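On a predicted model such as this, the values are computed, not experimentally measured, just so you know.
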Amino acid sequence: MHWSEGCVLRGRLPVDCIHPKKDEERFGTEELIYIDPVECIDCGACVPVCPVSAIFAIDDLPEKWAEFAQRNAAYSGNRSG
């Protein structure tokens, strides 16, 4: 199960799958943060702290938010270091 998100969690999660992190170059410039589906361990820690309730298991993602899953996949696939 992978998670898709469309909310701002900057600085709220102590997990490694959220990008960009505070120490990554794009941290202050990205419109969203992203959940790397390879690094995600499906712990769900991000779900209750999302301020806009925008994190879903991919199978539960509302159709109207499908774009965010695509954006997350594109970011994760193109992220270097």
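- Taken to the nearest 0.5 Å, the OH atom of Y34 stands 8.0 Å off from the CZ atom of R26.
- The two atoms that bring F27 and P20 nearest to each other are CD1-O, 3.3 Å, heavy atoms only.
- Not one N or O on the side chain of E39 forms a donor-acceptor pair closer than 3.5 Å with the backbone of D36.
- The minimum heavy-atom distance between A66 and L61, with the atom names listed, is CA-CD2, 4.0 Å.
- Summarising the geometry, atom CD1 belonging to I18 is positioned 5.0 Å from atom SG belonging to C46; distances are rounded to the nearest 0.5 Å.
- Taking SG from C50 and CD1 from I55, the interatomic distance works out to 4.5 Å, rounded to the nearest 0.5 Å.
- Side-chain contact check for N72 versus P37: some heavy-atom pair is nearer than 4.5 Å.
- For the atom pair CG (D23) and CD (E25), the distance works out to 11.5 Å, reported to the nearest 0.5 Å.
- Side-chain atoms of L32 and F68, non-hydrogen and from C-beta on, do get closer than 4.5 Å to each other.
- There is no side-chain donor-acceptor pair under 3.5 Å between H19 and E30.
- Atom-to-atom distance recorded for C40:SG and I35:CD1 is 6.0 Å, nearest 0.5 angstrom.
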